[in-house]
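In what follows, a structure is listed as structure tokens, so that the remarks can point back to it.
Quantities reported herein were computed from a predicted structural model and do not represent experimental measurements.
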Amino acid sequence: MTRAFDTMAGEDEEGTSTVAVAVAGETHQLQIPISRVKKIMKLDQDINKINSEALHLIASSTELFLELLAEKSAQVALEKKRKTIKLEHLRVAVKRHQPTSDFLLDSLPMPSQPSDRSPKVQSRPRSSTDKPLPSGTRRIEAFFQKCT
């Protein structure tokens, strides 16, 4: 099934740029800041120029992905009879969704375990950086570090 995408850009009363993406005739106002998405994309040294249509599609895809993660995490929280979504709920939701689990699970921090032991006996928590990366890949944290 193919979908037609159209984008409309403009400015609101405050002068900030707004973007509406039309997917198969329905318009969707993006909530994610386009400028932030562009800055993150520009962190990749292989990307020199970014087409505005590609930028809007990536921003829209990002919103849809985050919406999926939020919905799945909320389902896990409800299953555990919780009202607040925690990291453990997000980790379970990611584990259940195989395509997401393949790339995101190693980047999520490990949940903190309740401590029944004294601080001296506790072992060093494992970080996701202890695992070697497959060749040609980078950790997602690298995209969010500030450039100096």
Side-chain angles (χ1 to χ4, degrees), residues 1-115 124-148:
M1 179 176 151
T2 60
R3 291 184 174 181
F5 291 97
D6 292 322
T7 58
M8 298 174 285
E11 290 189 2
D12 60 8
E13 301 84 35
E14 299 158 359
T16 58
S17 63
T18 60
V19 177
V21 177
V23 179
E26 297 178 26
T27 59
H28 171 71
Q29 188 72 27
L30 291 177
Q31 301 295 315
I32 196 166
I34 295 293
S35 60
R36 179 70 53 92
V37 173
K38 188 172 184 175
K39 284 181 185 177
I40 292 171
M41 289 175 68
K42 288 250 182 182
L43 290 175
D44 190 345
Q45 289 136 0
D46 295 335
I47 297 176
N48 295 325
K49 293 183 180 180
I50 301 168
N51 183 333
S52 65
E53 292 172 351
L55 177 64
H56 298 304
L57 289 175
I58 289 173
S60 182
S61 299
T62 302
E63 276 192 8
L64 291 172
F65 176 70
L66 291 174
E67 188 176 307
L68 172 86
L69 279 179
E71 287 174 359
K72 298 294 183 187
S73 300
Q75 286 176 354
V76 172
L78 287 174
E79 288 171 8
K80 295 187 178 206
K81 297 182 173 126
R82 302 283 186 223
K83 292 183 179 180
T84 305
I85 298 173
K86 296 183 178 182
L87 175 61
E88 64 189 64
H89 303 138
L90 178 64
R91 288 186 65 85
V92 170
V94 168
K95 283 180 186 177
R96 288 181 183 173
H97 190 252
Q98 187 62 40
T100 304
S101 177
D102 290 342
F103 78 93
L104 187 61
L105 195 57
D106 290 336
S107 297
L108 290 174
M110 297 299 287
S112 59
Q113 300 295 327
S115 60
R124 180 176 73 89
R126 284 189 43 193
S127 69
S128 61
T129 57
D130 292 343
K131 295 181 182 178
L133 290 174
S135 63
T137 60
R138 295 180 287 180
R139 296 215 178 266
I140 197 165
E141 297 96 23
F143 283 113
F144 298 106
Q145 293 175 348
K146 285 194 171 187
C147 297
T148 55

- Message: Is the shortest side-chain heavy-atom distance between Leu104 and Leu69 below 4.5 Å?
- Response: yes

- Query: What distance do Thr62 atom OG1 and Met41 atom CE have between them, rounded to the nearest 0.5 Å?
  - Reply: 9.0 Å

- Query: If you round to the nearest 0.5 Å, how far is CD1 of Ile85 from OG of Ser73?
  - Reply: 5.5 Å

- Message: Suppose we screen for side chain to side chain donor-acceptor pair (under 3.5 Å). Which residues come up paired with Asp102, at least two apart in sequence or across chains?
- Response: Gln98

- With no hydrogens and no angle check, is any side-chain donor or acceptor of Glu63 less than 3.5 Å from a backbone partner on Ile32? yes

- Message: Less than 4.0 angstrom from a charged side-chain N to a carboxylate O is my criterion; do Lys95 and Glu88 meet it?
- Response: no

- Message: Does Ile47 form a side-chain contact (heavy atoms from CB on, under 4.5 Å) with Lys42? I'd like the steps, not just the answer.
- Response: CA-CA 6 Å; Ile47 297 176; Lys42 288 250 182 182; 5.6 Å; no

- Message: Rounded to the nearest 0.5 Å, what separates atom OG in Ser60 from atom CG in Leu55?
- Response: 11.0 Å

- For Arg82, all residues meeting salt bridge (charged side-chain N to carboxylate O under 4.0 Å, His left out), sequence neighbours excluded: none

- Note on the structure: Rounded to the nearest 0.5 Å, the CD atom of Glu79 sits from the CD atom of Gln75 at a distance of 7.0 Å

- Inter-residue atom distance Lys49.NZ - Asn51.CG, 0.5 Å rounding: 11.0 Å

- Between His89 and Ala77, the two heavy atoms sitting closest are ND1-CB, 3.7 Å

- Query: Between Val94 and Ser101, what is the shortest heavy-atom contact and its length?
  - Reply: O-CB, 3.2 Å

- Query: For His97, does its backbone N or O pair with a side-chain atom of Lys72 as donor and acceptor, under 3.5 Å?
  - Reply: no

- Note on the structure: In short, Arg91 meets Leu105 closest at the heavy-atom pair NH1-O, 3.8 Å

- Item | Closest contact, heavy atoms only, Leu30 versus Ala59 | CD1-CB, 3.9 Å

